[in-house]
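Quick note: numbers below take in every heavy atom, side chains included, and nothing from hydrogens, waters or symmetry partners.
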Amino acid sequence: MKQPDSLKSPARRAILKTALAVGVTLGTPFAALAAAPAGFDQWRDNFRARALAKGISEATWNRCMARVEPDMSVFKQMRNQPEFHEQIWQYINRRVSDWRIIHGREALKKNEALFARIERDFGVERGTLLALWGVESAYGDPLVQQNHMTPVFPSLAALAWNEPRRKAYWETELINAMKIVQRGWSTPQEMNGSWAGAMGHSQWMPEVWLNVGFDYDGDGKVSPFGRPDDALGSTAKYLVNRGKWHRGEHWGYEVRAASGGASGSRTYAAWASAGVVRADGQPFPQPNASAQLWIPVAGGPAFLLGPNFNSVKSYNPSMNYALAICHLGDRCLGGPPFIQPFPGSERALTLAEVQEMQTRLTKAGFDTGGTDGRVGNDTMQAIKDFQIKAGLLPADGYGGLKVLARLRQGG
């Protein structure tokens, strides 16, 4: 899922709080603030019978759907998902950010006992799991839920009603969301997520929560929200079962390798014999474990990737995503940046520099959605708009040293 952006403006927060307050006053989770679009009420009446046939009770239906109005903004978001063409170093810099490293270390300290238990039970190392949590939901930051997520039932209701290509899928997910409420795992009011319905610490769709989530903290329910125990325990179990996680092995290492070297899977000892060594000069701790050589960009850093890198890919099949997760995990545990830079790359901005960039963009009339130091779609769109206006090419939405320097010059 797309990473939530920086905190919304005070005015937008006030509107959100007002809307929620109205819902509470009227005594329903999603009280009608405007008339339903033509045809929705009839669809809802027909859908009710299908939901009840799937085991949804009258009480659950009334809690979740009796007064729900479709969130029609989902169609605009579906059509206008921003596209940013990032080079791999930009992709890494944006996800392995100062904000995520700082807050990741804080989250690990706060949940030390939980991560230790997961390592003991599943063998999944804490750095990787921590990084997945950080990229998917900003370590469960409650302000993400408050300021960047939208109520799941209005979103799924709109898609199930009026998204013609995948109506059956969206109807199924809407029923799955009601099943979560019916099981007592969450409430309609608590269930905020992305425009497509992904929610909770791990940003899973309702079907995934139902089929993959399990009760790791033993309180009798699977909780997408609140304490992260169930979400992180379920994610670790997923990496073991689906990703075939290898207990006790690191994901891989940055290495120095001669161009045109050997390929295929071989042991670290065999790679070392072929002249491939760790970039930091340290020995491979498990010389008999196997790995494959990967050089993402000629002239950039090279990596030996073990099976646990592929385990992360089972979560998201992108090589860049998996590398960002693995590197963020290392950085949160005190590891250094990559030793060999990517060609043409810039260093990542510090947290203070990102906040300065957001502040200057906002003052210049480009809405970043806040100035908290997190860079998501709002900030990237503001950067892209500024680049276009200032004649900075490429207008790729990447906020780096060049953009900050131009902002300091006055645009």
Pair Glu207 + Lys179: basic N to acidic O under 4.0 Å: no

Near-ring test Phe40/Trp43, centroid separation under 6.0 angstrom: yes

Close side-chain approach of Pro70 to Phe75, heavy-atom, < 4.5 Å: no

Side-chain donor or acceptor of Lys313 paired with backbone N/O of Ala322 under 3.5 Å: no

Which atom of Gly200 lies closest to which atom of Ser137, heavy atoms considered: O-CB, 3.8 Å

Side-chain H-bond candidate by donor/acceptor type, Asp330 with His250, under 3.5 Å: yes

Arg166 to Tyr169 six-membered ring, cation-pi geometry met (6.0 Å, 45°): yes

Electrostatic pair Asp385-Lys389, nearest N-O below 4.0 angstrom: no

Candidate pair Asp396 and Gln387, rule side chain to side chain donor-acceptor pair (under 3.5 Å), full reasoning: CA-CA 8 Å; Asp396 54 11; Gln387 289 171 323; 3.2 Å; yes

Whether Tyr315 and Tyr238 hold their rings parallel, tilted or perpendicular, with breakpoints at 30° and 60°: perpendicular

Rounded distance [0.5 Å steps], OH in Tyr216 versus OG1 in Thr235: 11.5 Å

Straight-line distance of Leu407 CG to Gln358 CD, nearest 0.5 Å: 11.0 Å

Pair up each side-chain donor or acceptor in residues 305-312 with any protein partner under 3.5 Å, not counting sequence neighbours, and list the distances.
| unit_1 | atom_1 | unit_2 | atom_2 | d |
| --- | --- | --- | --- | --- |
| Asn308 | OD1 | His246 | N | 2.7 |
| Asn308 | ND2 | His246 | O | 3.0 |
| Asn308 | ND2 | Glu249 | O | 2.8 |
| Ser311 | OG | Leu239 | O | 3.1 |

Leu323 backbone acceptor or donor facing His327 side chain under 3.5 Å: no

Verdict with reasoning, Arg374 to Asp141, per side-chain contact (heavy atoms from CB on, under 4.5 Å): CA-CA 12 Å; Arg374 282 206 304 264; Asp141 186 344; 3.3 Å; yes

Arg242 atom CZ, neighbour heavy-atom count above 12 within 6.0 Å: no

Point-to-point distance, once rounded to the nearest 0.5 Å, from CZ of Phe366 to CG of Leu361: 7.5 Å

Under-4.0 Å salt bridge between Lys237 and Asp121: no

Side chain proximity check, Arg105 to Ile101, heavy atoms < 4.5 angstrom: yes

Validation row: Leu304, Trp294 side chains within 4.5 angstrom (heavy atoms): no

Side chain to side chain, Ile325 and Trp251, heavy atoms closer than 4.5 Å: no

Over-ring placement of Arg95 relative to Tyr91, 6.0 Å and 45° cut-offs: yes

Residues Asn316, Ser318; criterion side chain to side chain donor-acceptor pair (under 3.5 Å); working and verdict: CA-CA 6 Å; Asn316 182 318; Ser318 163; 4.6 Å; no

Side-chain heavy-atom pair Thr368, Arg360 within 4.5 angstrom cut-off: no

Under 3.5 Å donor-acceptor, Gln182 side chain and Gly55 backbone: yes

Separation of Ile88 CD1 from Asn320 CG (nearest 0.5 Å): 4.0 Å

Donor-acceptor pair, side chain of Gln286 and main chain of Gly248, under 3.5 angstrom: yes

Lys221 backbone acceptor or donor facing Arg183 side chain under 3.5 Å: no

Tyr398 ring center within less than 6.0 Å of Trp89 ring center: yes

Distance flag, aromatic centroids of His201 and Phe225, threshold under 6.0 Å: no

Ring center gap for Phe338 and Phe303 short of 6.0 angstrom: yes

Partner residues of Arg256 under the salt bridge (charged side-chain N to carboxylate O under 4.0 Å, His left out) criterion, sequence neighbours left out: none

Main-chain N/O of Val222 paired to Trp209 side chain as donor or acceptor, under 3.5 Å: no

Which atom of Leu129 lies closest to which atom of Ala236, heavy atoms considered: CD1-N, 4.1 Å

Nearest non-hydrogen partners of Thr267 and Asn288, listed with the distance: CG2-O, 3.6 Å

Residue pair Glu173, Asn176: steps toward the side chain to side chain donor-acceptor pair (under 3.5 Å) verdict: CA-CA 5 Å; Glu173 285 293 23; Asn176 288 334; 3.2 Å; yes

Partner residues of Arg126 under the side-chain hydrogen bond (donor to acceptor under 3.5 Å, both in side chains) criterion, sequence neighbours left out: Glu112, Glu119

Side chain Ser194, main chain Ala198, donor-acceptor under 3.5 Å: yes

Salt bridge (Lys or Arg N to Asp or Glu O under 4.0 Å) between Glu353 and Arg347, worked out: CA-CA 12 Å; Glu353 287 172 333; Arg347 69 163 175 82; 2.9 Å; yes

Main-chain N/O of Ala160 paired to Glu163 side chain as donor or acceptor, under 3.5 Å: no

Which atom of Asp367 lies closest to which atom of Ala382, heavy atoms considered: O-CB, 3.6 Å

Verdict with reasoning, Thr60 to Ser57, per side chain to side chain donor-acceptor pair (under 3.5 Å): CA-CA 5 Å; Thr60 299; Ser57 69; 3.0 Å; yes

Heavy-atom donor-acceptor pair, Asp215 side chain to Asp219 backbone, under 3.5 Å: yes

Heavy-atom side-chain contact between Phe342 and Pro301 under 4.5 Å: yes

Test item: Glu254 side-chain N/O and Pro337 main-chain N/O as donor-acceptor pair under 3.5 Å: no

Spacing of Ser265 atom OG and Leu293 atom CG [to the nearest 0.5 Å]: 11.5 Å

Minimum heavy-atom distance Ile175-Arg50, with the two atoms named: CD1-O, 4.4 Å

Within 6.0 Å of NZ in Lys54, more than 12 heavy atoms from elsewhere: no

Separation between CG of Asp98 and CD of Gln355, rounded to the nearest 0.5 Å: 9.5 Å

Working for salt bridge (Lys or Arg N to Asp or Glu O under 4.0 Å), residues Glu106 and Lys110: CA-CA 6 Å; Glu106 293 174 353; Lys110 182 179 179 180; over 6 Å; no

Min side-chain heavy-atom separation Phe47-Leu174 under 4.5 Å: yes

Which atom of Pro228 lies closest to which atom of Asn111, heavy atoms considered: CG-OD1, 3.7 Å

Side chain to side chain, Glu136 and Ser202, heavy atoms closer than 4.5 Å: no

